[in-house]
Structures are given as C-alpha cells and as structure tokens.
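Here the structure is laid out as structure tokens; the discussion comes afterwards.
The analysis underlying the following values was restricted to heavy atoms, covering all of them including side chains, and did not include hydrogens, waters or symmetry mates.
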Amino acid sequence: MTILATIPTSSSRPLIWRTALFLARSRRLATRFVAAVIARHERHTTRIAMHRLDDRQLKDIAMVRSQIDSRLEELAQTRAKMQQPGWH
C-alpha cells in the first residue's frame, strides 16, 4: 500500500464538510450581493444630492454640473480598488 492510497479525495469527504463549504460560499455570495446593492444605493443617493446643489456650491468643491456623473464613477472605481484584498 502506498501513501497515495490513503489521501482522501473530494468525493470521499463527509457530507457535512461539503454542506459547510456550500453554506460558506453561499453566505459569501449573499454578502457580496447585499454590499453591491448598498453601494449602488449610496451612489444613486449621492448623485441626486449632487444634482440638487446649485452652481455656487458645486464651484466651491471645484466641480461643474457636467462633471458630476464622471466624478462619481471615478470615485466608485477607486473605492472598488481599495476594497480589493492586498490593496495598500
């Protein structure tokens, strides 16, 4: 008998381990989905708030009305990069 014969394969894992792995992956997927919905809602709310500002207030933050959508998109991309593992 060799050592290779005693290494368990994925098909021989107990059902409890496969179920736990499935639940962990499902939980991670659900968490990512909820985070994406929350981020989308925040972007939408910010966009509405920015469009409600008058031109003087926009000028105070160095922005014109035509730049609102592009700036918010840049910020969303920056935030997504910052949330990646290993970002510093």
Can you name the side chain to side chain donor-acceptor pair (under 3.5 Å) partners of Arg71, sequence neighbours left out?
none

Residues passing the side chain to side chain donor-acceptor pair (under 3.5 Å) test with Arg79, sequence neighbours excluded, are Glu42

Do you know the tightest heavy-atom contact between [X] and [Y]?
X	Y	value
Arg43	Ala76	CD-CB, 3.5 Å
Met50	Leu58	O-CD2, 4.0 Å
Leu72	Arg47	CD1-CA, 3.5 Å

Would the number of heavy atoms belonging to other residues, nucleotides or ligands and lying under 6.0 Å from NE2 of His44 be above 12?
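12 or below, so no.
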
If you measure from [atom1] on [X] to [atom2] on [Y], what distance do you get to the nearest 0.5 Å?
X	Y	atom1	atom2	result
Arg65	Lys59	CZ	NZ	14.0 Å
Arg25	Leu23	CZ	CG	11.5 Å
Thr78	Lys81	OG1	NZ	6.0 Å

Linking I/L/V/M/F/W/Y whenever any side-chain heavy atoms sit under 4.5 Å apart, do Phe22 and Ile16 land together?
no

List the steps and the verdict of side-chain contact (heavy atoms from CB on, under 4.5 Å) for Ile68 and Glu73.
CA-CA 9 Å; Ile68 291 174; Glu73 183 62 33; over 6 Å; no

Treating Gln57 as the side-chain partner and Asp54 as the backbone partner, does any N or O pair qualify as donor plus acceptor under 3.5 Å?
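Checked: pair present.
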
Would you mind reporting whether His41 and Thr46 have side-chain heavy atoms less than 4.5 Å apart?
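With C-beta onward as the side chain, the pair stays apart.
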
Min side-chain heavy-atom separation Leu29-Phe33 under 4.5 Å
no

